[in-house]
Amino acid sequence: MTPASTDDVRDPTTWSVEDLLAAKHRGGHHVTVVIPARDEESTVGSVVEVVRRAWVDEVPLVDELVVIDSDSVDATAERARSAGAIVHRACDIRPDLGPAQGKGEALWKALHVTTGDVLAFLDADLIEWGPHFVPALLGPLLLEPGIQLVKAVYHRPLLDATGREAETGGRVTELVARPLLALNAPELAHIIQPLSGEWAIRRSAFARMFVPVGYGVEIAALLDTTSAHGPEAIAQVDLGRRAHRHHRHDTLGPMAVQVMAAVERRLGERSATDAGVVALRQFDPVEGGFAARWRQVDVAERPPAISLDPLAEVDPRRRDDS
């Protein structure tokens, strides 16, 4: 089947909240929104508050609103809980499997403490966005039985340290993800934002995937969905404008390594799971030259959640939602 063109990006204004509620009821769906967070005390509360007010309190579209706190050293957990989220510390979920850190780790662990058959993921550092993100992401999954994965499309300005728009965001997308797809998965070349942090997926699909613990999770989900269901099982929705905080350029290298490792593993060229950690050498300008430093980049992957014992998923005595 020919993959969708950019003309096929869904316009979420074509369905109503009533349409989604009816489809949710008709299909017996349970909807979970997951927000992975690490040291996001300045923004996570607002994200939780907006989602809870719009889609839990005012309209019963979301059944669970969960924050997975990834070893924050600030008040992220407290702000999220005060705003109305159920908060779990990532380190307390399946500790028997050993420690790992990263966005993918948080999303994978969410499978063990949530019950929704439809999962929507939102980043915790959103600055310019709106409550319409949630029904837009959920629409194709609730209304189109053949859709397994929904990816956000948006105008993505990059804000500098003062909050001013500096340039278009998505540097790792343009320099790493899109070239990798062009070379190895041209049937996904129409995906506008392959690394977008806002996406939704059916639990039945996500629970069967190997999940990179870091920033490779989004591109892995794209490739694995395509492998299992075909590119036609992926929908894109237009969310308008989205902004988040600027990442230093030297933090993009580890992200790129994780994206590349996820793709290479799925090509069978190497095992990111076996490699575990990649040593990335970077250089800082100093007086008289450059100083080398090493970053240990975790490229491991978690096994499909469905393969693990559900009775050992979380110790309720250590849940951080009290």
Side-chain angles (χ1 to χ4, degrees), residues 4 8-10 12 20 29 31-37 47 51 55 61-62 64-68 102-111 114 116-126 129-144 146-156 169-170 172-173 177-178 181 185 188 190-229 231-242 244 255 258-259 262 305:
D8 294 315
V9 173
R10 273 62 164 184
L20 299 186
H29 297 295
V31 175
T32 298
V33 170
V34 176
I35 302 170
V47 175
V51 174
W55 306 119
L61 184 61
V62 173
E64 288 181 304
L65 178 54
V66 174
V67 168
I68 305 295
K103 182 178 182 180
E105 174 76 354
L107 300 187
W108 180 81
K109 285 191 168 179
L111 287 168
T114 62
D117 64 298
V118 175
L119 306 169
F121 303 127
L122 300 177
D123 280 347
D125 63 347
L126 297 175
W129 69 292
H132 66 283
F133 277 27
V134 173
L137 290 168
L138 295 174
L141 293 174
L142 296 177
L143 298 171
E144 303 178 52
I147 296 300
Q148 299 291 324
L149 172 67
V150 180
K151 293 293 294 181
V153 172
Y154 33 60
H155 170 58
R156 186 183 180 187
V172 177
T173 292
R178 206 179 304 286
L181 292 178
L188 295 176
H190 65 290
I191 300 296
I192 297 173
Q193 261 121 15
L195 303 184
S196 60
E198 282 63 53
W199 51 292
I201 193 168
R202 298 191 191 278
R203 175 185 290 271
S204 58
F206 194 38
R208 288 171 169 79
M209 295 178 182
F210 284 88
V211 178
V213 299
Y215 284 102
V217 59
E218 278 93 8
I219 203 163
L222 273 177
L223 293 170
D224 290 348
T225 299
T226 301
S227 176
H229 305 283
E232 62 273 16
I234 301 170
Q236 300 182 81
V237 292
D238 189 350
L239 301 187
R241 178 183 171 97
R242 172 203 190 271
H244 65 105
M255 294 181 189
Q258 291 176 330
V259 170

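The structure displayed is predicted, hence computed values, not measured ones.
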Asker: Rounded to the nearest 0.5 Å, what's the gap from CE on Met209 to CG on Leu107? Could you check?
Answerer: 12.0 Å
Asker: Test side-chain contact (heavy atoms from CB on, under 4.5 Å) on Phe121 and Ile201; report intermediate values, then the result.
Answerer: CA-CA 9 Å; Phe121 303 127; Ile201 193 168; 4.0 Å; yes
Asker: Quick check against the 3.5 Å criterion: does Arg203 have a side-chain atom that pairs as donor or acceptor with the backbone of Leu119?
Answerer: no
Asker: Report yes or no: does Ser227 contribute a side-chain atom to a donor-acceptor pair with the main-chain N or O of Leu223 at less than 3.5 Å?
Answerer: no
Asker: Once rounded to the nearest 0.5 Å, what's the spacing between atom CD of Gln258 and atom OH of Tyr215?
Answerer: 8.0 Å
Asker: What is the minimum heavy-atom distance between Ala305 and Leu111, and which atoms define it?
Answerer: CB-CD1, 3.7 Å
Asker: Taking all atoms of both residues into account, what is the closest heavy-atom pair of Ile191 and Ile234, and its distance?
Answerer: CD1-CG2, 4.0 Å
Asker: Rounded to the nearest 0.5 Å, what separation is found between the OG1 atom of Thr32 and the CG atom of Asp117?
Answerer: 8.0 Å
Asker: Would you name the heavy atoms of His132 and Leu239 that are closest together and state the gap between them?
Answerer: NE2-O, 2.8 Å
Asker: I need the Leu20 CG to Leu142 CG distance, nearest 0.5 Å.
Answerer: 5.5 Å
Asker: Taking only Lys NZ, Arg NE, NH1 and NH2, and the carboxylate oxygens of Asp or Glu, determine whether Asp123 and Lys103 approach each other closer than 4.0 Å.
Answerer: yes
Asker: Is any side-chain heavy atom of Val153 closer than 4.5 Å to one of Ser196?
Answerer: no
Asker: Kindly state each residue pair satisfying salt bridge (Lys or Arg N to Asp or Glu O under 4.0 Å) with at least one member in residues 192-201, sequence neighbours excluded.
Answerer: Glu198-Arg242
Asker: What distance do Arg178 atom CZ and Ile219 atom CD1 have between them, rounded to the nearest 0.5 Å?
Answerer: 10.0 Å
Asker: Output yes when Lys151 and Glu218 qualify as a salt bridge under the 4.0 Å nitrogen-oxygen rule, no when they do not.
Answerer: no
Asker: Step by step, work out the side-chain contact (heavy atoms from CB on, under 4.5 Å) result for Leu65 and Ile35.
Answerer: CA-CA 8 Å; Leu65 178 54; Ile35 302 170; 4.1 Å; yes
Asker: Mind running side-chain contact (heavy atoms from CB on, under 4.5 Å) on Val67 and Val47 for me, showing each step along the way?
Answerer: CA-CA 10 Å; Val67 168; Val47 175; over 6 Å; no
Asker: Could you label the plane-to-plane angle of the Trp199 and Phe206 rings as parallel, tilted or perpendicular, counting under 30° as parallel and over 60° as perpendicular?
Answerer: perpendicular
Asker: Quick check against the 3.5 Å criterion: does Trp55 have a side-chain atom that pairs as donor or acceptor with the backbone of Pro131?
Answerer: yes
Asker: For the residue pair Ala233 and Thr225, what are the closest heavy atoms and their distance?
Answerer: CB-CG2, 4.3 Å
Asker: Would you say that Arg202 contacts His29 through its side chain, given a criterion of any heavy-atom pair below 4.5 Å between the two side chains?
Answerer: yes
Asker: Report the C-alpha distance between Leu137 and Leu122 in whole Å, list the side-chain angles of each, state the deciding distance to 0.1 Å, and finish with yes or no for side-chain contact (heavy atoms from CB on, under 4.5 Å).
Answerer: CA-CA 10 Å; Leu137 290 168; Leu122 300 177; 4.0 Å; yes
Asker: Within the 4.5 Å heavy-atom criterion, are Leu188 and Pro194 side-chain neighbours or not?
Answerer: no
Asker: Looking at every heavy atom in both Ala120 and Leu138, which two are closest together, and how far apart are they?
Answerer: CB-CD2, 4.0 Å
Asker: Nearest heavy-atom pair of Gln193 and Gln236: which atoms, and what distance?
Answerer: N-OE1, 4.5 Å
Asker: So, do Arg10 and Leu143 sit near enough that their side-chain heavy atoms are less than 4.5 Å apart?
Answerer: no
